[in-house]
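The next block holds one structure in the form of structure tokens; read it before the comments.
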Amino acid sequence: MIIYTETIEKMETQLNVWNAQIKLLEAKIDNAGADFKLQHSSEMNQLREKQHTATEKIKEMKKSTNEAWDQVKSTADKIWGDLKTGIANAHTNII
């Protein structure tokens, strides 16, 4: 169970970092003007959706049993990869 707790704590820490990065991106978009905001609204909506999915997956991981851990962790890893890629792409497109 300690390994599971450590994994979840690491994921929560990383999610907090990404949440801060998303807020920074949102602030940059807001300061850039209406056209830029419109241009990147879809990308940010997708990023917020991935952020929400990652948050929900952490909640699910906290409730999972030892037997379900591997499946939940596997799904979480995919979600994490999607969010990481989404943030990297947003940084490239916005900053």
> S74 side chain to D70 main-chain N or O, any donor-acceptor pair under 3.5 Å?
Replying inline: no
> Under 3.5 Å, is there a donor-acceptor pair between the side chain of S41 and the main chain of L38?
Replying inline: yes
Could you tell me whether the side chain of [Y] reaches within less than 4.5 Å of the side chain of [X], counting heavy atoms only?
X: L47; Y: L25; answer: yes
X: R48; Y: E26; answer: yes
X: M61; Y: W69; answer: yes
X: K57; Y: T53; answer: no
X: N45; Y: E49; answer: no
X: T75; Y: W80; answer: no
X: I94; Y: F36; answer: yes

About how many Å separate [atom2] of [Y] and [atom1] of [X], when rounded to the nearest 0.5 Å?
X: E6; Y: M11; atom1: CD; atom2: CE; answer: 14.0 Å
X: I22; Y: M44; atom1: CD1; atom2: CE; answer: 6.0 Å
X: T55; Y: L15; atom1: OG1; atom2: CG; answer: 4.5 Å
X: Q71; Y: S64; atom1: CD; atom2: OG; answer: 10.5 Å
X: L83; Y: Q14; atom1: CG; atom2: CD; answer: 8.5 Å
X: K50; Y: I87; atom1: NZ; atom2: CD1; answer: 9.5 Å

> Do K63 and E60 meet the salt-bridge criterion of a basic N to acidic O distance under 4.0 Å?
Replying inline: no
>> Atom CG of residue position D35 - does it have more than 12 heavy atoms of other residues, nucleotides or ligands inside 6.0 Å?
In response: no
> Does NE2 belonging to H52 count more than 12 external heavy atoms closer than 6.0 Å?
Replying inline: no
> Judged by modelled atom types alone, do N89 and E43 share a side-chain donor-acceptor pair under 3.5 Å?
Replying inline: no
